[in-house]
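Side-chain atoms are counted along with the backbone in the values below, which use heavy atoms only and exclude waters and symmetry mates.
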Amino acid sequence: MQFFGGSEISPSPPVPTGSGNHAHMMYVFNRNGVCLLYREWNRPLRTLNAQQDHKLMFGLLFSLKSFTAKMDPTSVEKMNLGVPQLPGQGCSFHSFRTNSYKLSFMETPSGIKIILVTHPKTGDLRESLKHIYNLYVEYVVKNPLYSPGTPIRCELFNTALDQYVKTV
Amino acid sequence: MAAIYSLFIINKSGGLIFYKDYGSSGRMDTNDSLRLASLWHSMHAISQQLSPVVGCSGIELLEADNFDLHCFQSLTGSKFFVVCEPGTQHMEGILKIIYELYTDYVLKNPFYEMEMPIRCELFDINLLQAIQKDRVALLGR
């Protein structure tokens, strides 16, 4: 029996728009700086080889985190600059924007870092990163064949990710 | 209430040439401000390397949990950045005004040596006026 004449019972996922893909690439690092996942959708410019690129990205995030923790104008007690901080400790950043791209960053309590690089005009992506983290939990952490700390090779995760990123 | 927490000016090689605090809590000594300035200089450069498309000119806005940082780079490579409350608008305009004050009162000062720390009384006075004017405008809104 149908109520209200609606034909759809379950809400359908948002329809991906054809030109809606504003994402350039995505990185996932664990707390040791190992790049678990690198995905790229639209990257015309590569200045470094993949390994160097991942190292540079992790280094930039590490430095930016200690920079924001030290710069924080609202806290009275601040650690010395460069002292490694635990996830969630001190003031952290969630995005930065240049004239050509925007980088959104999220760190989970376990030290997993999710980085999404998009078009500079995209808005706040904190909720999207949380959703991506949920996908990670569902498709990677709950995968019995995945051992933590190794690069992610899960077909389902990749397809779910590609589909979701199209809607961002 | 402080809309702007602090202002940094760094020269083209990453040295801090001007730093002014407008009421951030916690102590930041001279060494810390120098270190933060040169750290920002290098992160600005690294962000250009990591760009997925050509023509990147470095970080313009950094959004942290407790503050926003707006950065403006002049054509000669000096960087001006302000630390302000999260979500503060019109910071690009204020950075442009500060840059104009810098060109008028620092660069046109015959006693100022390029790339050296800024000690110009007129610059200080006019900067304070500009920042206060902004604060009044913010309160009026």
(message) Heavy-atom cut-off 4.5 Å, strictly under: side chain, backbone, both or neither for A/Met25 against chain B?
(response) side chain

(message) A side-chain contact here means heavy atoms from C-beta on lying under 4.5 Å apart; do B/His70 and A/Arg97 qualify?
(response) no

(message) Out of B/Ser42, B/Ser6, B/Ser51, return the one with the most heavy atom pairs under 4.5 angstrom to chain A.
(response) B/Ser51

(request) Would you mind reporting whether B/Asn66 and A/Phe93 have side-chain heavy atoms less than 4.5 Å apart? (result) no

(message) Looking at every non-hydrogen atom in both residues, tell me the closest pair between A/Tyr101 and B/Ser47 and how far apart they are.
(response) OH-O, 2.7 Å

(message) Taking every non-hydrogen pair under 4.5 Å, which of B/Asp21, B/Leu69, B/Asp68, B/Ile46 racks up the most with chain A?
(response) B/Ile46

(request) Quick one: pull up OG1 in A/Thr68 and CG in B/Asp65 and give me the separation to the nearest 0.5 Å. (result) 7.5 Å

(message) Please classify the contact of B/Val54 with chain A as side chain, backbone, both or neither, using a heavy-atom distance under 4.5 Å.
(response) both

(message) Counting C-beta onward and ignoring hydrogens, is there a side-chain heavy-atom pair between B/Met43 and A/Phe67 closer than 4.5 Å?
(response) yes

(message) Quick check for you: among A/Asn42, A/Leu48, A/Val76, A/Asp53, which has the greatest number of heavy-atom pairs under 4.5 Å with chain B?
(response) A/Val76

(message) Please rank A/Ser63, A/Ser92, A/Ser66, A/Pro44 by heavy-atom pairs under 4.5 Å with chain B and give me the top one.
(response) A/Ser92

(message) Quick check: is A/Tyr146 connected to A/Phe157 through a chain of hydrophobic side chains (ILVMFWY, heavy atoms under 4.5 Å apart)?
(response) yes

(message) Rounded at 0.5 Å granularity, tell me how far OH in B/Tyr5 sits from CG in A/Asp72.
(response) 8.5 Å

(request) Measure the spacing between CG of A/Asn99 and CD of B/Gln48 and express it to the nearest 0.5 Å. (result) 8.5 Å

(message) If you define the side chain from C-beta out and look only at heavy atoms, does anything of B/Met28 sit under 4.5 Å from A/Met71?
(response) yes

(message) As an exercise: rank B/Pro52, B/Ala64, B/Cys56 by heavy-atom pairs under 4.5 Å with chain A and give me the winner.
(response) B/Pro52

(request) Report yes or no: does A/Thr74 contribute a side-chain atom to a donor-acceptor pair with the main-chain N or O of B/Ser24 at less than 3.5 Å? (result) no

(message) Hydrophobic clusters here meaning ILVMFWY residues chained together by side-chain heavy-atom distances under 4.5 Å, can you tell me if B/Leu61 and B/Phe67 are in one?
(response) no

(request) Specify which of B/Asn31, B/Leu36, B/Val83, B/Leu39 makes the most heavy-atom pairs with chain A at under 4.5 Å. (result) B/Leu36

(message) Using 0.5 Å steps for rounding, measure from the CD atom of B/Gln49 to the CG atom of A/Leu45.
(response) 10.0 Å

(request) To the nearest 0.5 angstrom, please state how far the CG atom of B/Leu50 sits from the CG atom of A/Leu61. (result) 8.5 Å

(request) Output the option from A/His24, A/His94, A/Arg43 having the highest count of non-hydrogen pairs under 4.5 Å with chain B. (result) A/His94

(message) Same cluster or not: A/Phe105 versus A/Tyr38, using hydrophobic residues (I, L, V, M, F, W, Y) connected whenever any side-chain heavy atoms lie under 4.5 Å apart?
(response) yes

(request) Please report the C-alpha distance between B/Glu60 and A/Lys102 in whole Å, then the side-chain angles of each, then the deciding distance to 0.1 Å, and finally whether the side-chain contact (heavy atoms from CB on, under 4.5 Å) criterion is met. (result) CA-CA 10 Å; B/Glu60 289 171 354; A/Lys102 174 176 175 162; over 6 Å; no

(request) Would you kindly confirm whether A/Leu64 and A/Met79 end up in one hydrophobic cluster when ILVMFWY residues are joined by side chain heavy atoms under 4.5 Å apart? (result) no

(request) Give a yes or no on whether B/Ile125 and B/Tyr19 share a hydrophobic cluster (residues Ile, Leu, Val, Met, Phe, Trp, Tyr; joining criterion: side-chain heavy atoms under 4.5 Å apart). (result) no

(message) Taking atom NZ as the centre, does B/Lys20 end up with more than 12 heavy-atom neighbours from other residues, nucleotides or ligands that are less than 6.0 angstrom away?
(response) no

